[in-house]
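FYI, side chains are in, hydrogens and waters are out, and symmetry mates aren't considered; it's all heavy atoms of this structure. Computed from a predicted structure; not experimentally measured.
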Amino acid sequence: MHKVIQRSLSVLIPALILSGAPHAQAATQAKQSATQDARQQKLAETFKEFDTASWVAEGKGARVLYVFFDPNCPYCHKLYESLRTQVGKNDLELRWIPVGILMTTSFGKAAAILEAKDPLAAFRQNEEKFSAGGAAQETFASAATEKRLNQNSQLLTQIGGQSVPTLVYRDTAGHIKVALGGPAPNKLDAFLAQVK
């Protein structure tokens, strides 16, 4: 009798465990979905602040790609070079958001770009002379510029970025996306096709 019960239990217990598996999977998926929804909502709220961030615009268009960069960042410079043929193409606008986080001269150089009479020209000149140390001369930021740069850094932190370049955009489905690091040159077109 005991053997019969043991055999029945040995068949029944795994069956009960397996029957609970789909419920556990569904619960896990629901939890992940809720986490993603909460993250997307937080990103959407933060994204509203991007219009008032301190950035340098290249091109003019309805499709906007925000790029956090440091004037001393070699990866940002590579991304800058990759994007030269894309400026203004297919209604794309690039908004470069300076932060000063990599080197002791970064903050002063970012300030110099923002405080220039023509920030876009200063930004481009820095990138064109990047291999020679950049063109932006480190400057002491005014209190207003220091505040603007600190707000930029805070935005970078709020979206979960800890390095540069970090790219932020609304995709064709309307979701806010954050890409840490720039896409490889051979994947750039596919990446930009996602930007709404």
Side-chain angles (χ1 to χ4, degrees), residues 47 49-159 161-170 177-189 191-195:
F47 194 69
E49 299 177 42
F50 276 57
D51 279 343
T52 57
S54 297
W55 37 261
V56 178
E58 274 197 303
K60 195 154 184 78
R63 298 171 58 236
V64 177
L65 175 63
Y66 291 93
V67 183
F68 286 92
F69 79 99
D70 184 297
N72 289 319
C73 170
Y75 300 105
C76 301
H77 177 66
K78 285 183 180 181
L79 179 61
Y80 170 85
E81 289 181 324
S82 295
L83 288 168
R84 293 306 82 212
T85 59
Q86 303 296 328
V87 176
K89 183 178 174 184
N90 297 324
D91 208 25
L92 180 67
E93 181 174 323
L94 303 173
R95 294 182 181 175
W96 297 88
I97 303 178
V99 292
I101 59 175
L102 287 184
M103 300 171 70
T104 55
T105 60
S106 293
F107 197 88
K109 286 183 175 186
I113 290 169
L114 286 181
E115 292 179 353
K117 287 182 181 178
D118 185 344
L120 178 57
F123 165 66
R124 285 181 172 163
Q125 189 176 26
N126 185 70
E127 295 304 321
E128 296 304 324
K129 296 186 177 180
F130 189 84
S131 60
Q137 296 297 311
E138 185 181 7
T139 186
F140 287 107
S142 67
T145 301
E146 185 174 345
K147 183 178 178 182
R148 291 164 68 195
L149 286 169
N150 287 336
Q151 286 173 335
N152 285 354
S153 294
Q154 187 177 359
L155 272 180
L156 179 62
T157 302
Q158 282 177 244
I159 59 160
Q162 298 175 347
S163 60
V164 285
T166 293
L167 295 77
V168 184
Y169 60 97
R170 186 181 301 277
K177 297 289 186 177
V178 177
L180 306 177
N186 63 340
K187 296 183 179 176
L188 185 62
D189 288 340
F191 175 83
L192 292 176
Q194 300 174 52
V195 179

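Considering OG of S163 and CG of D70, their distance stands at 11.0 Å, rounded to 0.5 Å. Here the straight-line distance linking atom CD of E115 with atom CZ of R148 works out to 8.0 Å at 0.5 Å rounding. Interatomic distance, CG of N126 versus CD of Q137, reported as 9.5 Å (0.5 Å rounding). Put simply, NZ on K89 and CG on L83 are 11.5 Å apart, with the number rounded to the nearest 0.5 Å.
A donor-acceptor contact closer than 3.5 angstrom is absent between the side chains of N152 and S54.
Using a 4.5 Å heavy-atom cutoff, the side chains of L180 and Q162 are not in contact. Within the 4.5 Å cutoff, side-chain heavy atoms of L65 are placed close to those of F191. Under the 4.5 Å side-chain criterion, counting only non-hydrogen atoms from C-beta, I101 is in contact with L156. The shortest distance between side-chain heavy atoms of T145 and T139 does not fall below 4.5 Å.
By the side chain to side chain donor-acceptor pair (under 3.5 Å) test, E58 is found to be paired with R84, W96, R124, residues two or more places apart in sequence or in another chain being considered. Here F47 pairs with F50, Y66 under the ring-ring contact (aromatic ring centres under 6.0 Å, His included) rule; sequence neighbours left out.
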Could you go through residues 127-134 and list every donor-acceptor pair under 3.5 Å that involves a side-chain atom there, pairing it with any protein atom two or more places apart or in another chain?
from	atom 1	to	atom 2	distance (Å)
E127	OE1	H77	ND1	2.9
E128	OE2	Y80	OH	2.9

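Side-chain atoms of N150 come within 3.5 Å of backbone N or O of E146 as a donor-acceptor pair. Not a single donor-acceptor pair under 3.5 Å links the side chain of E93 to the backbone N or O of K60.
When each of F123, F69, F107 is checked for a side-chain contact (heavy atoms from CB on, under 4.5 Å) with P98, only F69 meets the rule. Among the candidates I113, I97, L94, the single residue satisfying the side-chain contact (heavy atoms from CB on, under 4.5 Å) test with V56 is I113.
Taking all atoms of both residues into account, the shortest heavy-atom contact from P185 to S82 is CG-OG, 4.0 Å. A116 and A122 get closest at one heavy-atom pair: CB-CB, 3.6 Å. The two residues G161 and T166 make their nearest non-hydrogen contact at CA-OG1, 4.3 Å. Nearest heavy-atom pair, L92 versus Q86, reported as atom, atom and distance to 0.1 Å: CD2-O, 3.8 Å. Between P165 and C76 the shortest heavy-atom distance is N-SG, 3.6 Å.
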Q | Trace of the side chain to side chain contact (heavy atoms under 4.5 Å, CB included) decision for N90 with L192 | A | CA-CA 10 Å; N90 297 324; L192 292 176; over 6 Å; no

